[in-house]
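To find a chain, count down the sequence lines: A is the first, B the second, and so on, and within it residues start at 1.
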There are 2 protein chains.
Amino acid sequence: MSDFYRKTLKEKGLKVTPQRVAIFEAITHLKNHPTAENIIAYIKKNHPNISVGTVYKVLDSFVENKLLSKVKTEKDIMRYDSVLTNHHHLYCTETDRIEDYEDEQLNELIENYFKTHKIKNFNIQEVKLQISGKFNN
Amino acid sequence: MSDFYRKTLKEKGLKVTPQRVAIFEAITHLKNHPTAENIIAYIKKNHPNISVGTVYKVLDSFVENKLLSKVKTEKDIMRYDSVLTNHHHLYCTETDRIEDYEDEQLNELIENYFKTHKIKNFNIQEVKLQISGKFNN
DNA sequence: TCCTCAAAGATAATAATTATTATTTAGGAA
DNA sequence: TTCCTAAATAATAATTATTATCTTTGAGGA
């Protein structure tokens, strides 16, 4: 189980520490794009002595090494996303819920659109949709 | 000149104060989606005694009254946008530059796409594109 | 002109994040 | 396996953006 995390860390050239494995596991386990606080709370169960600063530093190093990406909401807190494929986000306007939205057909549509509609003086690297609305459940 | 600001404030039922007019003017004048700090720095020239708290409070009331909207970036600072039509944003991955991107044809394309591709358990209110890349100039 | 309540100013408080520094430890070398 | 060193962690302090509090001021209606 944790072998996957250890292996991935090693591949990225990151030292395999219990804290890093725990944080990696926490993000994979926690849904809804956790905040640093969510992650800290979750990890405290098994690693009561983990330092808050460590969590922030590990998260930063994960983002740098493309194990995670950051997500911003209307509220002012940074959240983390462990899904690294090209995907979009559904934002609930009532709660702080964020869901991933993957749609290959949509990606192609957008890609084709911008192929024929260049933006002047701008080279596109990535297009992400922020889809705001309400969940029915 | 400032009559426009005074008139708009009045219409929204907001008391017309020199601070509010100055902040309104600053946002309209400053390009690149200013931060609160940018706005404060700009206003200090003519209103050296303006209070930082006042600026935040005025900005909040403007957002509430739909004179402004907030923009989220990867970085940790709130930025403000005085353009209120449905538009998208170009984010420079190298600098903190953000430009508005208006494209009615794109809006229609996306709207039509989601008309025929409903997302289950989700009612879309708004779709915004975060277009990341590099400016050529 | 006067009055009142909302707005502004000053300041303190908060909350998330970052920086600092001493201690510990992963992992390669002997 | 043990030792060594650079890197990682823990503890703590500092920072930064923002919000709250509370007193004073002034916009705008009576």
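- Between B:K57 atom NZ and C:dA10 atom P there is a gap of 12 Å when expressed in whole angstrom units.
- Listed nucleotides: D:dT18, D:dG28, C:dT18. Nearest to the side chain of B:A36: D:dT18.
- Within the structure, every side-chain polar atom (N or O) of A:Q19 is placed at least 4.0 Å from both OP1 and OP2 of C:dT25.
- The base of C:dG28 does not come close enough to the side chain of A:K15 for any donor and acceptor atom to sit less than 3.5 Å apart.
- Distance B:I50 CD1 to C:dT11 P: 16 Å, rounded to the nearest Å.
- In this structure, CZ of B:R6 is placed 12 Å from C1' of D:dG28, rounded to the nearest angstrom.
- Phosphate proximity of C:dA6 to B:T17: absent, as no side-chain N or O sits under 4.0 Å from OP1 or OP2.
- Side-chain N/O atoms of B:N107 and B:H87 include no donor and acceptor closer than 3.5 Å.
- Between A:N49 atom CG and D:dT12 atom C1' there is a gap of 15 Å when expressed in whole angstrom units.
- Under 4.0 angstrom from either OP1 or OP2 of C:dG9 there lies at least one side-chain N or O belonging to B:T54.
- The side chain of B:S51 approaches C:dG9 more closely than any other nucleotide in the set C:dG27, C:dA6, C:dG9.
- Separating the NZ atom of A:K12 from the C1' atom of C:dA26 is a distance of 20 Å, rounded to the nearest angstrom.
- Among the nucleotides C:dA10, D:dT18, C:dT18, the one closest to the side chain of B:V52 is D:dT18.
- Between B:N38 atom CG and D:dA17 atom C1' there is a gap of 13 Å when expressed in whole angstrom units.
- Between the side chains of B:R79 and B:N32, at least one donor-acceptor pair of N or O atoms lies under 3.5 Å.
- In summary, the side chains of A:H88 and A:D103 do not present any donor paired with an acceptor at a separation below 3.5 Å, with no hydrogens or angles considered.
- Atom CD1 in B:I43 sits about 11 Å away from atom P in C:dA8, given to the nearest Å.
- Under 4.0 angstrom from either OP1 or OP2 of C:dT18 there lies no side-chain N or O belonging to A:Y56.
- Nucleotides of DNA chain D nearest to B:D60 and B:K10 differ in position, and the one nearer the 5' end is that of B:D60.
- Under the 6.0 Å distance and 45° angle rule, B:R20 does not count as a cation-pi partner of B:Y5.
- Among C:dA7, D:dT9, D:dA17, the nucleotide with an atom closest to any side-chain atom of B:E37 is D:dA17.
- The A:V16 side chain lies nearest to C:dG27 when the options are C:dG27, C:dA7, C:dT20.
- The CD1-C1' distance, from A:I40 to C:dT17, rounds to 10 Å in whole Å.
- Remark: the B:H33 side chain and the B:N38 side chain contain no N/O donor-acceptor pair separated by less than 3.5 Å.
- For the pair B:G53 and B:L14, both in contact range of DNA chain D, the more 5′-proximal nearest nucleotide belongs to B:G53.
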